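I have placed the structure first, in the form of structure tokens, so that the comments after it can refer back to it.
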Number of protein chains: 2
Amino acid sequence: MKNYIHNLNKAFENRIRLGLMSVLMVNDSVDFSTMKEMLDITDGNLASHVTALEKEGYIHVKKEFVGKKPLTTYSATKVGMKAFNEHLDALEKLLKGR
Amino acid sequence: MKNYIHNLNKAFENRIRLGLMSVLMVNDSVDFSTMKEMLDITDGNLASHVTALEKEGYIHVKKEFVGKKPLTTYSATKVGMKAFNEHLDALEKLLKGR
DNA sequence: TAAAAGCACTTTGCGATACAAAGTTATTAT
DNA sequence: ATAATAACTTTGTATCGCAAAGTGCTTTTA
């Protein structure tokens with residue numbers, strides 16, 4: 001293997017998806033509004049990056065009603081956690097120059 | 001501050017520029033062919049990412065002749081090293097969830 | 001000496017990405 | 001009635017990423 005850059009995961013190259021995922025690694029679940037505020041991005045932008053990660057099977061989206069209000073919450077899947085950890089591994093090895 | 005994702009540097013978001021820069025952080029200078037082989041990318045692709053980092057003032061490009069053959073070597077500038085370290089700082093803080 | 005190869009690009013073309021802004025649907029609070 | 005909340009979807013545009021092909025100059029090699 002030449003360099004660890006090819007072990008980096010395309011899905012986590014974007015800063016928003018990286019942030020989103022890292023939030024879900026330390027929080028069991030986070031709802032739409034909170035995530036939007038944490039990442040400080042527009043609602044549409046959040047929605048599109050969420051879709052991207054969901055398509056990869058990296059996060060799970062749960063829609064429910066709390067009272068009469070809709071509530072969407074996100075959580076990382078096992079597959080997502082594994083992929084993210086592998087990405088971080090590749091990152092670390094790359095940056096350590098090994 | 002909501003989240004450290006906004007402290008990440010756009011110039012280092014791409015895997016090739018990240019790899020290129022991390023190579024130049026541990027090697028004083030690296031020539032075109034070696035870098036191309038290390039990153040395992042096409043010559044045109046390397047040239048374009050080099051241009052991008054050079055435009056930001058993050059790397060220095062030196063062209064000389066060794067014997068009769070042209071030799072292009074790259075090195076990180078002080079500005080580049082500072083920017084890269086700040087990027088890594090933001091990354092670390094982001095991933096540590098602080 | 002003509003053809004092939006090396007070096008370091010630049011140009012072309014095109015699909016994929018990123019993102020703001022505006023539009024949508026449904027409910028709820030004023 | 002009107003505005004606000006929630007969670008998107010759509011639209012439009014600008015930028016990116018990358019392979020492939022083209023360029024110009026020099027040096028090997030057959």
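Below, each value reflects all heavy atoms present in this structure, side chains not excepted, and no hydrogens, waters or symmetry copies. Every chain is numbered from 1 and lettered A, B, ... according to where its sequence line falls, protein lines coming before strand lines. These numbers were taken from a predicted model, which means no experiment stands behind them.
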Let me know the distance between CD of A:Glu64 and C1' of D:dC8, rounded to the nearest Å.
17 Å

Does B:Met81 offer a backbone N or O that forms a donor-acceptor pair with the side chain of B:Asn85 under 3.5 Å?
yes

State whether the side chain of B:Thr77 and the backbone N or O of B:Gly57 hold a donor-acceptor pair below 3.5 Å, judged by distance alone.
yes

Taking the minimum atom-to-atom distance to the side chain of B:Asn45, which one of C:dT10, D:dT9, D:dA19 wins?
D:dA19

Nearest nucleotide by nearest heavy atom, which residue falls closer to the 5' end of DNA chain C, B:Phe32 or A:Arg15?
B:Phe32

Taking CG from B:Asp31 and P from C:dC9, how many angstroms apart are they, rounded to a whole number?
11 Å

Choose from D:dG17, D:dT28, D:dC8 the nucleotide whose nearest atom is closest to any side-chain atom of A:Lys63.
D:dC8

Between B:Thr72 and C:dC9, is there a contact of a side-chain N or O with OP1 or OP2 at under 4.0 Å?
yes

Closest approach of A:His49 to A:Asn14 (non-hydrogen atoms, all atoms of both residues):
CE1-OD1, 3.4 Å

Among the candidates C:dA20, D:dT9, D:dG17, find the nucleotide nearest to the side-chain atoms of A:Ala47.
D:dT9

Which whole-number value in Å describes the distance from B:Met35 CE to C:dC7 P?
16 Å

Let's see if you can work this out: which of D:dC8, C:dC9, D:dG17 has an atom nearest to the side-chain heavy atoms of A:Tyr74?
D:dC8

Rounded to whole angstrom units, what separation is found between the CG atom of B:Leu8 and the C1' atom of C:dA18?
15 Å

Assign B:Leu71 to base, sugar-phosphate, or nothing according to its heavy-atom contacts below 4.0 angstrom with the strands shown.
sugar-phosphate

On the nucleotide C:dA18, are OP1 or OP2 found under 4.0 Å from the side-chain N or O atoms that A:Arg17 carries?
yes

Report the distance from atom CG of B:Leu46 to atom P of D:dC16, rounded to the nearest whole Å.
18 Å

A:Lys55 NZ to C:dA16 C1', straight-line distance once rounded to whole Å
12 Å

Can you check whether B:His49 has a side-chain N or O nearer than 4.0 Å to OP1 or OP2 of D:dC16?
no

Gap between atoms CG and P, on A:Asp40 and C:dC19 respectively (whole Å):
12 Å

In whole Å, I'd like the distance from the NZ atom of B:Lys69 to the C1' atom of C:dA5.
10 Å

Would you mind classifying the nucleic acid contact of A:Ser33 as base, sugar-phosphate or nothing, using non-hydrogen atoms under 4.0 angstrom?
sugar-phosphate

Straight-line distance of B:Met38 CE to A:Ile5 CD1, nearest 0.5 Å:
10.0 Å

If you check the B:Asp43 side chain, which of C:dT17, D:dA7, C:dA8 turns out closest?
C:dA8

Show, in sequence, the C-alpha distance, side-chain angles and deciding distance for A:Tyr58 and A:Phe84, and conclude whether the ring pair (Phe, Tyr, Trp, His ring centres under 6.0 Å) test is met.
CA-CA 9 Å; A:Tyr58 291 167; A:Phe84 194 66; 9.2 Å; no

Check the phosphate of C:dA18 against A:Asn14, side-chain N and O only, distance under 4.0 Å to OP1 or OP2. Yes or no?
yes

Kindly point out which of D:dC8, C:dA20, C:dC9 is positioned nearest to the side chain of A:Thr42?
C:dA20

Taking for each residue the nucleotide of DNA chain C with the nearest heavy atom, is it A:Phe65 or A:Ile41 whose nucleotide lies nearer the 5' end?
A:Ile41

In the structure I gave you, are the side-chain heavy atoms of B:Leu24 and B:Met35 within less than 4.5 Å of one another anywhere?
yes

